[in-house]
2 protein chains.
Amino acid sequence: MPHDNRRPLTLRDVSEASGVSEMTVSRVLRNRGDVSDATRERVLAAARELGYVPNKIAGALASNQVNLVAVIIPSLSNMVFPEVMTGINEVLEDTELQPVVGVTDYLPEKEERVLYEMLSWRPSGVIIAGLEHSDAAKAMLESSGIPVVEIMDTDGKPIDAMVGISHRRAGAEMARAILKQGYQRIGFMGTKMPLDHRARKRFEGFTEVLAKNGIEIEDRDFYSGGSALAKGREMTQRMLERSPELDFLYYSNDMIGAGGLLYLLDNGIDVPGQVGLAAFNGVELLQGLSTQLATMDACRREIGQMAARIIAGRQAREETEDHVTLMPKITYGDTLRRR
Amino acid sequence: MPHDNRRPLTLRDVSEASGVSEMTVSRVLRNRGDVSDATRERVLAAARELGYVPNKIAGALASNQVNLVAVIIPSLSNMVFPEVMTGINEVLEDTELQPVVGVTDYLPEKEERVLYEMLSWRPSGVIIAGLEHSDAAKAMLESSGIPVVEIMDTDGKPIDAMVGISHRRAGAEMARAILKQGYQRIGFMGTKMPLDHRARKRFEGFTEVLAKNGIEIEDRDFYSGGSALAKGREMTQRMLERSPELDFLYYSNDMIGAGGLLYLLDNGIDVPGQVGLAAFNGVELLQGLSTQLATMDACRREIGQMAARIIAGRQAREETEDHVTLMPKITYGDTLRRR
DNA sequence: CTGCGCTACGTTACCGCGAACATCGGGGTC
DNA sequence: GACCCCGATGTTCGCGGTAACGTAGCGCAG
């Protein structure tokens, strides 16, 4: 019977109930060391009977081992990080490790707080989005002695390991593809970027290539907050009213891009004849639209998987490649006219 | 200088560096008890200098207090739970408590595993989606002695506290609204439901009201996996080809509903004249569509907030209302014709 | 000067578990 | 039969903190 005294259950209770030492109970519950089948059964029965749940806090302290992996990401609300999480989960599923998520809202000071909090639980590894962190955060990570994988972005120097894509290159490639199709008068829409370094780098890569070809972005607009789809609509409408000469719109993410696309379709504007569109991310969600937006896959799930694999590998003292740059491919869809 | 010996830092290192006892360091770092400003400064300086991060494992063991709240949800990938998380975060932000997320993929056995894992860290509270759990899971929760808030659904008896809406009622209300508008030949599309109890309850509430009015669902279809938007498209197309007499389609969630809506619009079908549509959830994302889908808000953020408030309240030994049923409202949008 | 109370700090005893080592008993080897 | 070995189990100790309590030093009233 799940006893109900105020005193919490411990190994000792199970050991007394089953007539063996605490150590043996510990061994049974962790499947470690030699225990005869007979006693194993007795112990398991007693534990089940009592409703005993081991205390990992004590266990972690004694063994100096914590099966937690801290995952620190900016947001859960924009589809991209949940997909990274999925990748991480898939890999950690097969190990003893468990992910623990912390959210920073793109705020460096919050990242610092969350990181401090996480590190104080002495996790077996840290997976953290981005290469840009406050000095204090970097110092913590460096001196923690814990494996650290920085994900999403590889335009920079990691503290330890990194897995991601080059956003600069992603922006550049998209620019090349657009130019190759003959578009020349280009507008840009995206989030307010001071804190979204990856969006910024894409933008930089994008404009650099344009510049090399003697082209400048003719109009731009930035948003923050709200439903991205709706913002994409509004911004696109405003931009085209303001700059009707544009023949291409580049969006910093798929959701606002989709908003723009829907606006254009609703208003009978010829896509990609009159105006071409491209965005970034490759969110699966949009596959339900009748017109497929040109975009570029961010390899989110693979990134999660590889990062988790690196942590798991370190755990097992295996050598793993620890600077991985994935190569995203452009999906032309229906909004980036081919020659 | 952040020392780099292999030996990890402890309170002792900080105490030696600052010339006070470990206890005083502990007090400083936790802002507890009397410490003079002078020594506080010295200690903080030393801690910063060394890059010391407290070990919560040891702290938790000694104090029998863990500032973690376990949040157990079925999925991160469908917008609804991230929004619940947002609500939880907003409230816990102002407390010492920290959410830790576990994902069950709608699998009871995985829920059990995740719960066991979580409870073994002795969190200060558990927020868990749904009222349906395995017997073992219920037993664990009951005997844990930890505050438990079951969220999303209130059609049933909670273990401890609960916050949510009545999905049965939500389905029923939508059925009434649809009938009131004169629709009569109704099709239903949703996920395969054996494990999504809330979708099931909505469906039950829905069909019950129809039955009372002598109406039966004329066609139905279920999907699993894949992009919901795309599935909504495909299923809608198939269903209308199969059952062209239908004048209303009820979807178990907004994403497939939106897929259906887009299909109808693309094919020039008059919405809501020829076919009306309604779904469930009120996902903000869809506000960018040119035609607004009729839906019903699931009060996700409030649910998160209230659940977190209950846990925080228990922590502070306050009395809080602990059986809360929120009342979702129908948004008619443009797809549910008014009289 | 004594004694009281207060503040600022130190001491001690755990918290629940696991690593490392000790022990015990029985079967095989020669 | 002496010896060894090995699988199964127990003992000891300490992980890094914190609660609870103890105490030194000071100011101040009488």
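Chain identifiers are assigned alphabetically (A, B, ...) following the order of the sequence lines, protein sequences preceding nucleic acid strands; residue numbering begins at 1 within each chain.
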Take the protein atom [atom1] of [X] and the nucleotide atom [atom2] of [N], then report the distance between them rounded to whole Å.
X: A:Arg32; N: C:dC17; atom1: CZ; atom2: C1'; value: 13 Å
X: A:Glu22; N: C:dC15; atom1: CD; atom2: P; value: 11 Å
X: A:Asp34; N: D:dA8; atom1: CG; atom2: P; value: 5 Å
X: B:Asn67; N: D:dT18; atom1: CG; atom2: C1'; value: 15 Å
X: A:Asp37; N: D:dG7; atom1: CG; atom2: C1'; value: 12 Å
X: B:Met23; N: D:dA19; atom1: CE; atom2: P; value: 6 Å
X: A:Glu41; N: D:dT9; atom1: CD; atom2: P; value: 13 Å
X: B:Trp121; N: C:dG16; atom1: CH2; atom2: P; value: 16 Å

Which is true for [X] with a 4.0 Å heavy-atom rule: it touches a base, it touches only sugar-phosphate, or it touches nothing?
X: A:Leu61; result: base
X: B:Asn64; result: nothing
X: A:Arg30; result: sugar-phosphate

Should [X] be listed as having a side-chain N or O under 4.0 Å from OP1 or OP2 of [N]?
X: B:Thr24; N: C:dG10; answer: yes
X: A:Ser63; N: C:dG18; answer: no
X: B:Thr39; N: C:dA8; answer: no
X: A:Ser36; N: D:dT9; answer: yes
X: A:Ser26; N: C:dC17; answer: no
X: A:Tyr52; N: C:dG16; answer: no

For [X] and [Y], which I'm curious about, is there any donor-acceptor pair between the side chains at under 3.5 Å?
X: B:Glu117; Y: A:Gln98; result: no
X: A:Ser26; Y: A:Arg30; result: yes
X: B:Ser134; Y: B:Glu112; result: yes
X: A:His133; Y: A:Glu150; result: yes

By nearest nucleotide on DNA chain C, pick out whichever of A:Arg12 and A:Arg27 is the more 5' one.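 Between the two, 5'-proximity favours A:Arg12.
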
Are side-chain heavy atoms of B:Thr320 and B:Met306 found at a separation under 4.5 Å? no

Of all the nucleotides listed (D:dG14, D:dG16, C:dC9), which has the minimum atom distance to the side chain of B:Val35?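 The nucleotide sitting nearest to the side chain is C:dC9.
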
If you check the B:Ser21 side chain, which of C:dT11, C:dG16, D:dG17 turns out closest?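 My answer, after comparing the listed nucleotides, is C:dT11.
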
